[in-house]
Amino acid sequence: MKHIAKTKKTQIYVRSLLAIAVSMSLFCTACAARPQPRAEGESAEAQDELSESALSPESAASPLVSPEPSDGKEPESEAMEKGAETSVSLFIEEYYITNTGYTDNLYYIDERGVLWGSGSNRYGQLGQGNQDTDFHEDLVKIAEDVIHVDYSQSGFAIYLTKDHKLYGMGNAGCGALQQFRELDPEAYANGEMHTVNMPLLLMEDVAYARCGRDDVVCMTQDRAVWVWGTIVYGGAYSQMPVKVLEKAALVTGGAFSHAALLQDGSVWTWGYNYAGNCGVADISAVNSPTQVAEGAVMVWTGSAEDNIDCQDISELRHVNPRGLENTIVLKEDGTYRACGMGLGTEKTLKYYWGLYDYSAVCTSEFVQVDGEQVFSPDFAWGQSFVDSEDGG
């Protein structure tokens with residue numbers, strides 16, 4: 001542009017085009033900032049206060065922030081400042097979920113981009129503007145122009161539209177639908193009284209998102225990782241999105257834990273870790289992302305298969321991938337490593353669901369596993385409970 005402007009023989013129309021280009025650039029820069037969506041019934045002033053807190057660097061005071069590197073490894077922010085080479089590049093569209101569910105709910109995106117749902121509407125998770133105790137066997141239309149959907153075992157679902165807006169509906173008691181400034185034990189225990197029965201805008205500029213049991217993790221188009229909701233048994237809570245990592249290639253969600261794969265091949269996990277499923281030893285809950293592996297090209301929490309092939313909930317008979325407490329890593333050398341339930345050689349007594357103590361085989365160490373087993377439809381490492389203290 002400087003060269004064109006300095007050329008003596010520049011024609012008048014060329015100078016005009018230059019001026020237009022500069023004006024458009026300034027306009028786009030001014031429009032870059034965007035407001036966060038406001039929850040229904042919340043004042044603009046209150047939402048602005050929450051948005052500034054969630055999106056600013058000062059939000060690092062939250063227990064969901066400040067990644068914790070493994071021993072001997074430098075913090076992620078320092079590694080990025082040094083310009084570490086990236087080794088992972090994924091087409092995120094290949095990991096969109098278009099068909100998912102379990103016995104309570106089924107969600108299906110058809111070839112026209114229409115999202116349908118069936119099953120329970122106890123928390124308004126079918127997005128019809130009501131909640132009821134009926135079991136809806138027939139599919140009902142929820143939204144159009146949808147490219148990705150995920151669900152939680154706590155009764156809420158999220159979906160992503162073509163314009164990269166993330167919506168949620170269902171049980172709001174856990175904070176995953178951004179309804180409370182702080183964790184409310186009463187709301188958490190009585191989700192039927194705290195619901196969102198119409199799709200609610202949660203976040204914009206989202207590339208990918210997954211549900212945990214009581215929280216949501218998403219990756220924005222600038223490859224930042226954001227989380228909100230409640231970490232089960234960890235006490236970590238955030239109503240508004242909190243940025244925890246940058247330069248991500250993929251994020252995952254499971255029944256108890258999350259994982260993020262960064263572009264440098266490192267794997268970071270957090271969540272409920274009772275079976276060592278986060279790859280961290282002797283910690284029941286990992287409240288902030290912690291590096292547990294490197295040299296990876298893919299990661300899963302639970303099962304390596306998230307899509308199912310079912311549009312009729314009465315035929316939904318499959319092993320629930322969210323019931324498997326494992327983190328699975330595909331390494332650059334083509335080998336698979338996994339930790340958590342059903343792996344290792346020793347039975348370790350772990351606290352499970354706060355009700356019983358079970359004796360089960362599990363490990364926090366990543367052990368090599370058979371790749372064919374990972375993708376098997378009978379993949380069920382989590383089915384290893386053999387004894388309980390009460391003899392059940």
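No experiment lies behind these values; they were computed from the predicted model shown.
Taking the six-membered ring for Trp and the full ring otherwise, the centers of Phe256 and Tyr274 sit less than 6.0 Å from each other.
In the displayed structure, Glu144 atom CD is contacted under 6.0 Å by at most 12 heavy atoms of other residues, nucleotides or ligands. Other residues, nucleotides and ligands contribute more than 12 heavy atoms inside 6.0 Å of the CD atom of Glu192. Within a 6.0 Å radius of CG in Asp138, other residues, nucleotides and ligands contribute 12 heavy atoms or fewer. In the displayed structure, Asp333 atom CG is contacted under 6.0 Å by more than 12 heavy atoms of other residues, nucleotides or ligands.
Judged by distance alone, the side chains of Thr252 and Thr301 do bring a donor and an acceptor atom under 3.5 Å apart. Thr195 and Gln131 form a side-chain donor-acceptor contact under 3.5 Å, judged by distance and modelled atom types alone. One side chain, Trp268 or Ser266, offers a donor N or O that lies under 3.5 Å from an acceptor on the other.
For Asp110 and Arg112, the salt-bridge test passes: some basic side-chain N is under 4.0 Å from an acidic carboxylate O.
Within the 3.5 Å criterion, the main-chain N or O of Val227 finds no donor-acceptor partner in the side chain of Lys243. Side-chain N or O atoms of Asp215 include none that pairs as donor or acceptor with a backbone N or O of Ala176 at under 3.5 Å. For the pair Ser284 (side chain) and Asp282 (backbone), a donor-acceptor distance under 3.5 Å is absent. Between the side chain of Thr161 and the backbone N or O of Asp145 there is no donor-acceptor pair closer than 3.5 Å. Checking side-chain atoms of Asn273 against main-chain N and O of Val286 turns up no donor-acceptor pair under 3.5 Å. No donor-acceptor distance shorter than 3.5 angstrom exists from the side chain of Asp214 to the backbone of Thr230, with no hydrogens or angles considered. Side chain of Ser152 to backbone of Gly212: a donor-acceptor contact under 3.5 angstrom is found. Judged by distance alone, with hydrogens and angles left aside, the side-chain atoms of Asn277 form a donor-acceptor pair with the main-chain N or O of Tyr272 at under 3.5 Å.
Looking at heavy atoms from C-beta onward, Tyr107 lies in side-chain contact with Ile142 at the 4.5 angstrom threshold. Within the 4.5 Å cutoff, side-chain heavy atoms of Leu139 are placed close to those of Ser118. Contact check for Met219 versus Ile92: side-chain heavy atoms found under the 4.5 Å cut-off. Side-chain atoms of Asp205 and His164, non-hydrogen and from C-beta on, never get closer than 4.5 Å to each other. The side-chain heavy atoms of Asn326 and Trp300, taken from C-beta on, include no pair separated by under 4.5 Å. With contacts defined as side-chain heavy-atom distances shorter than 4.5 Å, the pair Val292/Thr327 does not qualify. Using a 4.5 Å cut-off on side-chain heavy atoms (C-beta onward), Cys339 and Phe366 make contact.
Nearest heavy-atom pair across Phe156 and Cys174 is CE2-SG, 3.9 Å. A pairwise comparison of heavy atoms in His148 and Ile109 identifies N-CD1, 3.5 Å as the closest pair. In plain terms, the two heavy atoms of Leu106 and Asp312 that are nearest each other are CD2-N, 3.7 Å. For the pair Met298 and Leu90, the tightest heavy-atom approach, listed with the atom from each and the gap, is SD-CD1, 4.2 Å. The shortest heavy-atom contact between Cys218 and Met203 is SG-SD, 3.6 Å. Scanning all heavy atoms of the two residues, the minimum distance from Met240 to Trp228 falls at O-CB, 3.7 Å.
How far CG of Asp222 is from CD of Glu246: 8.0 Å, rounded to the nearest 0.5 Å. Here the straight-line distance linking atom OH of Tyr95 with atom CG of Leu250 works out to 7.0 Å at 0.5 Å rounding. The OH atom of Tyr123 sits 10.5 Å away from the CG atom of Asn105 when rounded to the nearest 0.5 Å. In this structure, the separation between CD on Gln128 and NZ on Lys141 is 10.5 Å, given to the nearest 0.5 Å. In this structure, CG in Asp132 is found 4.5 Å from CG in Asn121, a value given to the nearest 0.5 Å. If you take NE2 on His194 and CG on Asn171, they are separated by 9.5 Å, rounding to the nearest 0.5 Å.
A continuous path of hydrophobic side-chain contacts links Val367 to Val280 [ILVMFWY only; heavy atoms under 4.5 Å]. Residues Met198 and Met193 are members of separate hydrophobic clusters, defined by side-chain heavy-atom contacts under 4.5 angstrom among Ile, Leu, Val, Met, Phe, Trp and Tyr.
Screening Val146, Leu201, Val196 against Tyr167 for a side chain to side chain contact (heavy atoms under 4.5 Å, CB included) leaves a single residue, Leu201.
Between Tyr96 and Tyr208, the ring planes are parallel. Angles under 30° get that label, and only those over 60° would be called perpendicular.
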Test Leu262 against Lys247 for side chain to side chain contact (heavy atoms under 4.5 Å, CB included), laying out the working first. CA-CA 6 Å; Leu262 301 193; Lys247 292 191 175 182; 5.5 Å; no

Given side chain to side chain contact (heavy atoms under 4.5 Å, CB included), test Ile158 with Cys211 step by step and report yes or no. CA-CA 7 Å; Ile158 59 173; Cys211 292; 3.5 Å; yes

